[in-house]
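Below is one structure; the comments refer to it alone.
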Amino acid sequence: MKMENNKSYFGEVGQAVKTLAVGMKTTLREYFTPKSTEQYPENRKTTLHVAKRHRGRLVFKRNEDGSYKCTACTLCEKSCPNGSIRIISEMVTNEETGKKKRELRDYQYDLGDCMFCQLCTNACNFDAIEFTNDFENAVFDRGQLVLHLDKEVYKGGSLPNLIDGGAPLEIGKFNTKTK
């Protein structure tokens, strides 16, 4: 048996007008509140704060002499869920000891495909990689997002003191311009 709607035509119209009034009330309230615009590109060096735990891009940790800690064990590559890490290595025989050792040839990290899940850093037994809070990675060509971490030495982002969080955090104060 078919269920029939017990509301009348005028009841439906009244409900529609009530819903419209609630929407218009919200719209008018937002229209008259003062707006603020953050001046991001101009004042980012003095007022932008980025949390230290923000995951922006992957970098190699380096020793005091500038060498990297990576042993090419490929644990980070295997733990990456979408394959944004690719490690190329080869076995090299040491002439002095005669032992074979895996040597890193290329460590490719695709920043454009990375999900920033941090599974690679958790899987690394040698504490060789970490995420920095550098977030300004916009480029026009996706090919520039493929980084070779073993060949670059990360000196920090484009903002001063970015690794330490950038500008000091001031609760309740924003770099805004009110219209």
Side-chain angles (χ1 to χ4, degrees), residues 37-171 173-177:
T37 304
E38 186 166 345
Q39 302 299 313
Y40 166 68
E42 293 84 16
N43 298 332
R44 70 180 187 265
K45 293 183 180 183
T46 57
T47 59
L48 181 66
H49 177 77
V50 180
K52 289 182 183 179
R53 65 181 179 265
H54 173 74
R55 300 176 197 158
R57 75 176 284 221
L58 194 67
V59 295
F60 264 2
K61 287 185 176 179
R62 302 277 177 166
N63 295 325
E64 290 80 27
D65 61 350
S67 64
Y68 48 81
K69 298 178 180 181
C70 183
T71 60
C73 67
T74 68
L75 284 175
C76 56
E77 180 180 16
K78 292 173 185 172
S79 68
C80 183
N82 59 349
S84 59
I85 296 175
R86 185 167 172 240
I87 296 175
I88 300 170
S89 63
E90 67 179 40
M91 296 299 286
V92 177
T93 305
N94 189 350
E95 287 89 24
E96 297 172 1
T97 61
K99 294 182 179 179
K100 289 187 175 184
K101 182 181 177 185
R102 185 181 302 262
E103 190 172 295
L104 181 67
R105 291 291 172 220
D106 192 20
Y107 191 103
Q108 293 178 6
Y109 166 62
D110 192 351
L111 181 64
D113 286 343
C114 185
M115 296 188 319
F116 307 102
C117 62
Q118 205 170 5
L119 291 174
C120 56
T121 59
N122 294 340
C124 184
N125 290 332
F126 302 97
D127 196 31
I129 54 177
E130 70 176 343
F131 275 99
T132 65
N133 56 0
D134 188 5
F135 65 94
E136 291 183 327
N137 299 308
V139 293
F140 288 108
D141 182 24
R142 279 186 61 91
Q144 293 176 348
L145 292 176
V146 177
L147 306 173
H148 300 274
L149 299 185
D150 58 322
K151 295 170 181 54
E152 71 172 16
V153 178
Y154 183 74
K155 301 280 188 193
S158 59
L159 297 174
N161 302 324
L162 181 67
I163 294 175
D164 299 325
L169 178 64
E170 296 180 25
I171 304 295
K173 185 176 181 196
F174 298 99
N175 177 25
T176 58
K177 176 180 168 184

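Hydrogens, waters and symmetry mates play no part in the numbers below; they use all other heavy atoms, side chains included.
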Side chain to side chain donor-acceptor pair (under 3.5 Å) against [X], all qualifying residues, sequence neighbours excluded:
X: Asn63; result: Ser67
X: Arg102; result: Ser89
X: Thr121; result: none
X: Asn125; result: none

How would you list all residue pairs meeting ring pair (Phe, Tyr, Trp, His ring centres under 6.0 Å) that involve residues 80-99, not counting sequence neighbours? none

Can you run down the ring pair (Phe, Tyr, Trp, His ring centres under 6.0 Å) pairs that involve residues 63-96, sequence neighbours left out, and say none if there aren't any? Phe60-Tyr68

Within the structure provided, determine whether [X] and [Y] are in side-chain contact (heavy-atom separation under 4.5 Å).
X: Phe116; Y: Ser84; result: no
X: Cys70; Y: Asp150; result: no
X: Cys76; Y: Ile87; result: yes

Between Gly56 and Phe131, what is the shortest heavy-atom contact and its length? N-CD2, 4.3 Å

Closest non-hydrogen atom pair, Thr93 against Gly98: CG2-O, 3.9 Å

The salt bridge (charged side-chain N to carboxylate O under 4.0 Å, His left out) partners of Arg57 (sequence neighbours excluded) come to Glu152

Residues pairing under salt bridge (charged side-chain N to carboxylate O under 4.0 Å, His left out) where one sits in residues 64-90, two or more places apart or in two chains, turn out to be Glu90-Arg105

When rounded to the nearest 0.5 angstrom, what is the spacing between [atom1] in [X] and [atom2] in [Y]?
X: Ile129; Y: Asn122; atom1: CD1; atom2: CG; result: 9.5 Å
X: Ile85; Y: Leu58; atom1: CD1; atom2: CG; result: 5.5 Å
X: Thr132; Y: Arg55; atom1: OG1; atom2: CZ; result: 12.5 Å

Going by the rule side-chain contact (heavy atoms from CB on, under 4.5 Å), which residues pair with Lys99 if we only count those two or more places apart in sequence or in a different chain? Thr97

The side-chain contact (heavy atoms from CB on, under 4.5 Å) partners of Glu130 (sequence neighbours excluded) come to Val59, Lys61

Between side-chain atoms of residues 107-115 and protein atoms elsewhere (two or more places apart, or another chain), which donor-acceptor pairs fall under 3.5 Å?
| residue | atom | partner | partner atom | Å |
| --- | --- | --- | --- | --- |
| Gln108 | NE2 | Asp106 | OD2 | 3.0 |
| Asp110 | OD1 | Gly112 | N | 3.2 |
| Asp113 | OD1 | Arg142 | NH2 | 3.0 |

